[in-house]
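Structure first, then comments.
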Amino acid sequence: MLQQTQVATVLRYFPNWMRRFPSVRALADAPEADVLHAWQGLGYYSRARRLHAGARFLLERHAGELPRTHAALLELPGIGAYSAGAIASIAFGEKKPLVDGNVVRVLARHFGLRGDPGKGPLRRALWQLAGELVPEDRPGDFNQALMELGATVCTPRAAACGACPLRATCVARRDGLVEKLPELPARPKPTRVRAVAVAVRDGKRVVLVRLPASAPRWAGLWTFPHVELEPNETRAAAAERAVHGALGVKAHIGVELARIEHTITRFRIALELVEATLPGNVLRGALRAEHVVRALPSELSRHAMPAPHRKLAVWLLANGGAS
DNA sequence: AAGACGGGGCT
DNA sequence: AGCCCAGTCTT
C-alpha cells in the first residue's frame, strides 16, 4: 500500500483494509470486487490485484505464511526489489539493502551522485552502494533510518541540513548541490484531454460498467460509460459512442449535468457528465451483461470506482435523480 | 532499458 | 502549480 504512496494517504485506508482483511486467508478468500472496493481511490490498482494474488500465492506455496528469505519474497506478486529488501531486513533481520525515493535522495546527495537515478548506471550504483552500506547488525534499523532521514531531514526541498547527522561528510552540502540532487527528470506537463461520461438513466437508476481486466487503466473498476473526445467530435457524438461502446446500443443524449477536472499520470482530463436514456425496447437485453449494473445514486458507492467517476457519482447523489 | 500506472499531500 | 511519494511490471 505504501508503494509510491505517502504514509499520510495510506493512514486513511490501512485500518479499514485490516478490518476487512484481517488475515492472509481472509484476503485470499475475498472476491476481487471487495478487494478493489477497499482500495478504491488509492490508485495504482494493480497493487491491489497483486496483493490479492500474493495472498493466494502464500496459501498455495507457503502454508499462508510469509516466506522469511529475500529470494522467496521476491517471487511474490507485487513484491519487487524494494519490498523484498524491506521485509527481509526489517522483519527477518536479513542483511539486504533497499532503495526507495528517500534513499535515492540521501545517497545521491551525500555522495554527490550525478545523473538520473531512474536510468541504468546510477540506478545500479545506488543499489550497489546501499548494499555496501547496510550492516550485518540490525540491517532493518539501518534501512529504516536511511528512509527516515530522507523523509524528515533530507527532504526534497528545504532540507534541514543543520539538523543532519551526516552534514559533516555530505558532498552535496559541501558543494552547494543539495537542491540540485538527485537529478530527477522533470515530469512532462500533462496533456489536456476532454472526455465525456454518460449517466444512462433507467428510471431512478443509472448504469455503471465494469472495465475489463485487460483495460490499461482502472481494470476491474466500475465507471460511467465514457470516452475521450476525438478531434472535432461533439460532446453528444462522443456520448453516443461511449454508450454504444459499453452497452452496444444507441442512446438518446440529454443535457450536461456536471463537469470536473481530474489529473492522472500524464493527462489533465476535463470530464463532463452527460445524461442519457435508452429506447425501452433495447433496455433489458443491453443491461443484462455481467459487466453492467444499474444502481440508484445512493447505491453507487457499493461499487469500486476510480476517483473521477466517484466524484461524478457523489454529484449525482447530491443533486438528485432529476431527470 | 524505458514507459505506464493514480491520486493526493505539501510547499 | 509543481514536485514527489516507504515501486512494480510490462513492453
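Since the model is a prediction, treat every value here as computed from it, not as a measurement. Chain identifiers are assigned alphabetically (A, B, ...) following the order of the sequence lines, protein sequences preceding nucleic acid strands; residue numbering begins at 1 within each chain.
Sorted by residue number, the members of residues 106-140 of chain A with any non-hydrogen atom under 4.0 Å from DNA chain B read A/K119, A/R124. Residues from residues 2-39 of chain A lying near DNA chain C, meaning a heavy-atom separation below 4.0 Å, are A/L2, A/Q3, A/Q4, A/T5, A/Q6, A/V7 in numerical order. Within residues 88-105 of chain A, the residues approaching DNA chain C are A/D100, A/G101, A/N102, A/R105, by heavy-atom distance under 4.0 Å.
In this structure, A/H262 reaches the B/dG7 phosphate: one of its side-chain N or O atoms is under 4.0 Å from OP1 or OP2. Between A/R217 and the phosphate of B/dC5, there is a side-chain N or O to OP1/OP2 separation shorter than 4.0 Å. OP1 or OP2 of B/dG7 has at least one side-chain nitrogen or oxygen of A/Y45 nearer than 4.0 Å.
Comparing the P positions of C/dC9 and B/dG8 gives an interatomic distance of 24 Å, to the nearest angstrom. Between the P atoms of C/dA6 and B/dC5, the separation comes to 22 Å (whole Å).
You'll find a donor-acceptor pair under 3.5 Å spanning the side chain of A/Y44 and the base of B/dG6, going by distance alone.
Atom CZ of A/R20 has more than 12 neighbouring heavy atoms from other residues, nucleotides or ligands inside a 6.0 Å radius. For CZ of A/R56, the number of neighbouring non-hydrogen atoms (other residues, nucleotides, ligands) closer than 6.0 Å is greater than 12.
Ion pairing of A/E261 with A/R192 is present here, as a side-chain N (NZ or NE/NH1/NH2) and a carboxylate O approach within less than 4.0 Å. A salt bridge is defined here as a Lys NZ or Arg NE, NH1 or NH2 lying under 4.0 Å from an Asp or Glu carboxylate O, and A/E32 with A/R49 fails to meet this definition. Salt bridge status for A/E94 with A/R68: absent, with no side-chain N to carboxylate O gap under 4.0 Å.
Atom CD of A/E183 is separated from atom P of C/dC4 by 12 Å (rounded to the nearest Å). In this structure, A/M305 places its CE atom 15 Å from P of B/dG6, rounding to the nearest Å. A/L74 has its CG atom 13 Å from the C1' atom of C/dG7, to the nearest Å. A/M1 places its CE atom 15 Å from the P atom of B/dG6, with the value rounded to the nearest Å. B/dC5 atom C1' lies 17 Å from atom CG of A/L51, rounded to whole Å. Look at CG on A/L184: it is 14 Å from C1' on C/dG7, rounded to the nearest Å. B/dC5 atom P lies 11 Å from atom CZ of A/R187, rounded to whole Å. As rounded to whole Å, 10 Å separates atom C1' of C/dA1 from atom NZ of A/K189.
Side-chain contact, A/R310 with A/Q40: a donor N or O sits under 3.5 Å from an acceptor N or O. A/T265 and A/R217 share no side-chain donor-acceptor pair at under 3.5 Å.
Across the interface with DNA chain B, nearest-nucleotide mapping of A/P306 and A/A158 shows A/P306 to be the residue nearer the 5′ end.
Here the side chain of A/R266 is nearest to one of B/dG7, C/dC4, B/dA4, namely B/dA4.
Here A/A81 lies in heavy-atom contact (under 4.0 Å) with sugar-phosphate atoms only. At a threshold of 4.0 angstrom between heavy atoms, the contacts of A/G41 are confined to the sugar-phosphate backbone, with no base atom among them. The residue A/R157 sits close to a base: some heavy atom pair falls under 4.0 Å. Among the heavy atoms of the strands, none lies under 4.0 Å from A/A86.
Counting only distance, with no hydrogens or angles, the side chain of A/H309 and the backbone of A/F224 share a donor-acceptor pair below 3.5 Å. Under the 3.5 Å distance criterion, the side-chain polar atoms of A/H110 are matched with a main-chain donor or acceptor of A/T169.
Ring planes of A/F57 and A/H62: tilted class, angle from 30 to 60°.
For residues 10-34 of chain A, the set of pairs meeting the ring pair (Phe, Tyr, Trp, His ring centres under 6.0 Å) definition, not counting sequence neighbours, comprises A/W17-A/F21, A/W17-A/W39.
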Only pairs under 3.5 Å count here: list side-chain donor-acceptor contacts from residues 299-307 of chain A, not counting sequence neighbours, and write none if there are none.
residue	atom	partner	partner atom	Å
A/E299	OE1	A/R205	NH1	3.4
A/E299	OE1	A/L296	N	2.9

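For A/H70, the ring-ring contact (aromatic ring centres under 6.0 Å, His included) criterion is met by no residue, not counting sequence neighbours.
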